[in-house]
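Numbers here simply count residues along the sequence, with the first being 1. We count ligands from 1, going down the list as the structure has it; atoms in each ligand are counted the same way.
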Amino acid sequence: MSRERKQAVPAFIDLAAQRERLGDSVERAISKVLNHGQFVLGPEVGELEARLADFSGARHCVSCANGTDALLLALMAEGVGPGDAVFVPAFTFVATVEVAMLCGATPVFVDVRPDTFNLDVDSLEAAIGEAKKFGLKPRCVIPVDLYGQPADYRAIGEIAGKHDLLMVADAAQSFGASLDGKKVGTLASYTATSFYPSKPLGGYGDGGAVFTDHDDKAARLRALRNHGKGPGRPDTEYLGVNSRLDSIQAAILLEKLRLFPAEIPPRQERADRYNAGLASIAKVPELMAGATSVWAQYTIVTENRDALAKACREAGVPTAIHYASALNCLPPYRETLKSPTGLRQAEWLADRVISLPMHPYLTAAAQDLIVATVRRALTSSKSVVVHAAE
Ligand SMILES: Cc1ncc(COP(=O)(O)O)c(C=O)c1O
């Protein structure tokens with residue numbers, strides 16, 4: 001593809017541009033693993049865990065097979081199960097609620113804030129009362145750092161403290177972000193992240209990790225991800241799973257982690273450029289005071305999503321919808337308990353959000369094309385900026 005054509009057709013997430021930056025370092029790292037032959041939990045896994053812990057400031061990082069398992073392992077490590085209520089936002093990727101069901105607990109949906117897309121604390125307080133009414137023990141809250149911005153851990157932490165709730169952060173989209181100067185990985189008792197290829201720190205396949213500051217929790221996580229076997233112990237101590245990270249994936253992530261710190265500021269620059277071009281025509285994302293985002297997605301809210309998606313398709317601008325349904329509207333979760341505040345903002349957002357191309361290698365020319373396409377589509381559909389459900 002010619003350079004001009006490449007610029008005119010932006011990628012949603014440009015892994016090819018990143019690959020160019022990486023040169024042949026990934027091939028060399030993979031080759032090393034092929035030569036030593038320790039394909040599962042090999043030396044690269046330990047090195048990656050140490051480097052990730054160091055990067056985040058958390059005392060421990062325990063890698064695993066994917067971000068969903070990272071959440072599940074945290075719940076398993078605390079024995080969350082039948083009779084326990086697990087509070088989850090209704091507007092997130094399905095994995096957040098899945099894990100509560102998988103460990104036999106009862107999920108309770110909580111509404112989100114239309115400004116940050118993250119968990120609403122008033123809705124959480126009400127949901128705790130509702131769980132008690134049903135005879136459940138309020139046990140755990142899983143705040144999600146949607147699109148790359150940390151949830152409001154200050155306010156959620158206060159409520160968690162008051163009700164003795166465990167906080168498990170779903171940071172699948174936010175590794176590399178921070179709140180009040182504290183990095184993601186240190187904002188909750190457990191922090192689960194994903195290295196799915198499209199994530200800000202993504203591998204070339206599945207991968208995940210749990211961060212914690214507690215030695216005993218880390219030891220248990222290490223056992224649980226390997227069939228419940230403690231290090232150097234021949235026997236299984238706990239009911240566990242097979243959720244080990246491959247050495248090849250760890251080797252790839254080590255190379256990508258070298259690049260990662262330099263990829264974060266360009267993401268913010270691209271978000272700023274979008275905000276400047278689009279704030280007058282659509283609801284653009286907002287950061288909380290004290291928060292930074294890694295912009296896993298750049299997502300706007302508009303009443304004219306279909307017209308916008310069509311115009312983008314015709315102009316060769318890729319878009320995606322994260323997420324087209326609030327979780328309470330999906331078949332397995334229709335009967336799930338919900339906060340008495342209702343889930344209006346979650347449902348409202350699901351009908352209106354649309355994500356635009358976002359990655360650190362997005363050129364100014366490509367971004368100008370995207371902004372012009374969005375502006376044209378929303379101007380001709382006489383769009384007005386909307387901020388929340390009525
Ligand atoms: C918010 C959220 N939670 C959990 C996950 C699960 O991660 P994985 O796909 O690595 O299992 C994802 C991944 O898309 C996610 O976006």
Is the distance between the ring centroids of Tyr147 and Phe117 less than 6.0 Å? yes

Does the ring centre of Phe87 sit less than 6.0 Å away from the ring centre of Phe109? no

Counting heavy atoms only, name the option from Asp206, Thr68, Ile142 that's nearest to atom 11 (O) of ligand 1. Thr68

Taking atom 2 (C) of ligand 1 as the point of reference, which of Ala192, Gly203, Ala172, Ala65 owns the nearest heavy atom? Ala172

With heavy atoms only and a cut-off of under 4.0 Å, state how Leu146 meets ligand 1: side chain, backbone, both or neither. neither

Heavy-atom distances under 4.0 Å decide this one: backbone, side chain, both or neither, for Thr92 against ligand 1? side chain

Got more than 12 heavy atoms from elsewhere within 6.0 Å of CZ, Arg19? no

Tell me the protein heavy atom at minimum distance from [atom], and give that distance in Å.
atom	answer
atom 14 (O) of ligand 1	Lys199 NZ, 2.7 Å
atom 3 (N) of ligand 1	Asp170 OD2, 2.8 Å
atom 12 (C) of ligand 1	Phe93 CD2, 3.4 Å

Per-atom contacts, ligand 1 versus Tyr323 - under 4.0 Å to a heavy atom: 16 (O)

State, yes or no, whether a side-chain contact exists between Phe91 and Leu343 at a heavy-atom distance under 4.5 Å. no

With hydrophobic residues grouped by side-chain heavy-atom distances under 4.5 Å, do Phe260 and Val184 end up in a single group? no

Measuring from non-hydrogen atoms of Tyr147 to any atom of ligand 1, is the shortest distance under 4.0 Å? no

What's the shortest heavy-atom distance between Ser189 and His214, and which atoms? O-CD2, 4.2 Å

